[in-house]
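Below: the structure, in C-alpha cells.
Only heavy atoms go into these numbers, but all of them, side chains included; no hydrogens, no water, no symmetry mates. If you're wondering where the values come from, they're calculated on a predicted model, not measured in any experiment.
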Amino acid sequence: MEQKKPTELKIEITPEVANGHYANFAVISHGASEFFLDFVTVAPNMPQAKVQSRIVMTPENAKTLLSALAENVKRYEAIFGEIQPKLPKNRPNNGGDNGALPNPFIKGGNA
C-alpha cells in the first residue's frame, strides 16, 4: 500500500498581523468548551490596561499549545541557558517571600 505524503500547510500572514502586539501579561479563563487567552500590555504606574489580542481555542488545542510552548522553552534554554526571573538588585528581602515580586493583579499574590 502506498503511503500518502503529509499535506503541506501554507500559512499566510498579513502585514498588519505580522507586526504583532507586545504583551507582558496574560489572563487565561475557560468555559466547558473553550479557553480564552487575553494578552495585555501593562505599563508601570498605569491603573488600566487594554487587551491587545484575544485567542479562543478548544481545550484540546489549549493542551497542545501548552506542550508546544513547553517544548520551545526547553529548546530555547538548551541554546541560551535557563530563563531566570528578574528581580531588582536593591530590593530588601522582607523574610519569607524568597525575594518574589508582588503580583499587582492578585491581592497578596506573588509573581
Side-chain angles (χ1 to χ4, degrees):
M1 181 176 222
E2 187 180 331
Q3 279 191 308
K4 288 186 175 183
K5 288 177 98 177
T7 305
E8 186 177 305
L9 178 63
K10 294 184 180 183
I11 298 174
E12 183 180 326
I13 188 166
T14 64
E16 297 82 21
V17 173
N19 287 333
H21 292 284
Y22 176 79
N24 56 8
F25 185 73
V27 176
I28 302 170
S29 54
H30 61 85
S33 303
E34 59 273 318
F35 274 71
F36 296 85
L37 292 81
D38 291 334
F39 295 94
V40 182
T41 302
V42 177
N45 302 315
M46 297 297 288
Q48 196 169 357
K50 285 187 179 180
V51 171
Q52 299 296 317
S53 184
R54 170 176 275 185
I55 305 297
V56 182
M57 59 179 54
T58 65
E60 295 83 3
N61 285 344
K63 191 167 186 177
T64 300
L65 175 64
L66 175 65
S67 296
L69 185 56
E71 178 61 30
N72 277 271
V73 167
K74 188 176 172 180
R75 289 180 194 170
Y76 177 95
E77 289 182 331
I79 296 168
F80 299 105
E82 185 178 351
I83 300 168
Q84 296 287 335
K86 292 177 178 58
L87 298 173
K89 289 182 181 180
N90 298 324
R91 183 171 188 272
N93 187 350
N94 295 330
D97 68 355
N98 297 325
L101 292 175
N103 186 334
F105 305 101
I106 301 172
K107 190 171 187 168
N110 288 326

Near Gln48 CD, under 6.0 Å, is it more than 12 heavy atoms from other residues, nucleotides or ligands?
-> no

With the 4.5 Å side-chain cut-off for hydrophobic clustering, are Phe80 and Val73 part of the same group?
-> yes

Taking the side chain as C-beta and beyond, is there a heavy-atom pair between Leu37 and Leu65 under 4.5 Å?
-> yes

To the nearest 0.5 Å, how far apart are CG in Leu69 and CD in Glu71?
-> 10.5 Å

Do any side-chain atoms of residues 9-17 form donor-acceptor pairs under 3.5 angstrom with protein atoms, and if so which ones, sequence neighbours left out?
{"residue": "Thr14", "atom": "OG1", "partner": "Glu16", "partner atom": "OE1", "Å": "3.4"}
{"residue": "Thr14", "atom": "OG1", "partner": "Val17", "partner atom": "N", "Å": "3.3"}

State plainly whether one hydrophobic cluster holds both Val27 and Phe35, where clusters connect Ile, Leu, Val, Met, Phe, Trp and Tyr through side-chain heavy atoms under 4.5 angstrom apart.
-> no

CG of Asn61 to CD1 of Ile55, rounded to nearest 0.5 Å, is 12.0 Å

Any idea which heavy atoms bring Glu77 and Ile83 closest together, and the distance?
-> OE2-N, 3.0 Å

Nearest atoms (heavy-atom pairs only) where Ala49 meets Val40 = CB-CG1, 3.5 Å

Any donor-acceptor N/O pair, Gln52 side chain to Tyr22 backbone, under 3.5 Å | no

Between CE of Met57 and NE2 of His30, what distance do you get to the nearest 0.5 Å?
-> 14.0 Å

Specify the closest pair of heavy atoms between Pro59 and Ala32, including all atoms of both residues, with the distance to one decimal.
-> CG-O, 4.2 Å

